[in-house]
2 protein chains.
Amino acid sequence: MPRKPNPAKRPARAADAIDYGPLENWVGFRLRMAQAASFQAFARLTHDMRIRPGRFATLMLIGRNPGISQTALSQANGRDKSTLTPVLNDLVKRGLVKRERTPDDRRTYQLTLTAAGNRALKQLTACALRHDRNLDRIIGPRDRTRFVSLLQRIETALSNDKANGRSSKRG
Amino acid sequence: MPRKPNPAKRPARAADAIDYGPLENWVGFRLRMAQAASFQAFARLTHDMRIRPGRFATLMLIGRNPGISQTALSQANGRDKSTLTPVLNDLVKRGLVKRERTPDDRRTYQLTLTAAGNRALKQLTACALRHDRNLDRIIGPRDRTRFVSLLQRIETALSNDKANGRSSKRG
DNA sequence: CCGATATAGTTTGAGTGCCAACTTTCTGTT
DNA sequence: AACAGAAAGTTGGCACTCAAACTATATCGG
């Protein structure tokens, strides 16, 4: 029998002998690496269906906030509004999202999920649930809440840095 | 505390509270948002100099591991090897990195920093230090070690998933 | 030595992201 | 009503990323 390919073999002499220097324990670097790993693991879970993980949050936010505008969606999703244009074009073309003009403000669109969009969201949610349970298992139940709240604190603290002149008119 | 979905008659606006649904407390989503915020904050710090933040880890890893190959570098950096090609072309063209053929294996390159590369690394390290001290302040000294080690655990656990393959099917 | 296979790096194509400039529409001032 | 400015969305330019196909070199089995 010919020697078969060996995909499980150790990935060369790569990452085990590497000196990371100060990167080793810097939050920014570890954050990036963990995020990339998480994203790719999720991508593997959703690989079979035709929807990529980046679309998941988009569909979820539309499903939870029917009639949301593209700008509000982009802010909730942490992306620039221009990033959303090709994504929504694709989602509309595939019949997952409906885009309607708002009658009293003809600049904005109202986004809603179609029935197919709801089905896709349900499928993706199942994948995301598995993914997040996997992450939960890695993190452990004791640290989970604290971990997530720290992530959220990083997000809000650095966003405030960015828009330090922005005022909230929230009552 | 999430509010109920907006009625379809009125689009959600930026001032409205967005219902994040299960995203609210999912590790994957928070990880993505925190990483994006961290990256952009770092980008603001390095805005003045000619080197973008994505190059920082590359330079650091070459500086700490002189003679590293491109594949080993890409794995240490958590990026695909093809991503590295244009980056290294640019770094070499700008005189920050030297690329030499390995004598006994003419497929691989040996990467080292030039003097200018070391200077650039030093500058970027100063920026990164500031950035990471900022993150430390946000996280707080009590949780920092645990937080970083959890990030690292996510990274290694999901990378092992990938290496072992996610399918139980055997040909 | 030869042929099959593995590895290092490059190229290409698609997706995603930001920012700045732009069009269209709305709003406030006069 | 007319104009200026703000806001929603689109477009174009550039950067970064992955995956697959490709070239060149190395290695293993016979």
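Keep in mind that the numbers below use all heavy atoms, side chains included, and drop hydrogens, waters and symmetry copies. Below, chain A is the first sequence line, B the second, and so on; all start at residue 1.
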For nucleotides 23-28 of chain C, list the nitrogen or oxygen atoms of the protein found under 3.5 Å from its nitrogen or oxygen atoms, one pair per line.
residue	atom	partner	partner atom	Å
dC26(C)	OP1	Arg106(A)	N	2.8

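Formation of a donor-acceptor pair under 3.5 Å by the Thr125(B) side chain with backbone atoms of Leu121(B) is found in this model. When atom types are taken as modelled, the side chain of Asn118(B) and the backbone of Gly63(B) share no donor-acceptor pair closer than 3.5 angstrom.
Remark: nothing in residues 118-131 of chain B comes within less than 4.0 Å of DNA chain C through any heavy atom.
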Protein proximity profile, nucleotides 11-17 of chain D - base contact B, sugar-phosphate-only contact S, no contact -, cut-off 4.0 Å on heavy atoms: B---SSS

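At least one side-chain nitrogen or oxygen of Thr71(B) sits closer than 4.0 Å to the OP1 or OP2 atom of dG9(C). Within the structure, a side-chain polar atom (N or O) of Arg99(A) is placed less than 4.0 Å from OP1 or OP2 of dT10(D).
Between Asp132(B) and Arg30(A), none of the side-chain N atoms (NZ, or NE/NH1/NH2) sits under 4.0 Å from a carboxylate O, so this pair counts as no salt bridge.
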Which atom pairs, donor and acceptor, lie under 3.5 Å between side-chain atoms of residues 50-61 of chain A and protein residues at least two apart or in another chain?
residue	atom	partner	partner atom	Å
Arg55(A)	NH1	Asp90(A)	OD2	2.5
Thr58(A)	OG1	Asn77(A)	ND2	3.4

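Rounded to an integer number of Å, the gap from Gln75(A) CD to dG9(D) C1' is 13 Å.
The salt bridge (Lys or Arg N to Asp or Glu O under 4.0 Å) test applied to Arg146(A) returns Asp143(B), not counting sequence neighbours. Partners of Ala116(B) according to the side chain to side chain contact (heavy atoms under 4.5 Å, CB included) rule, which considers only residues two or more places apart in sequence or in another chain, are Leu96(B), Thr114(B), Arg119(B).
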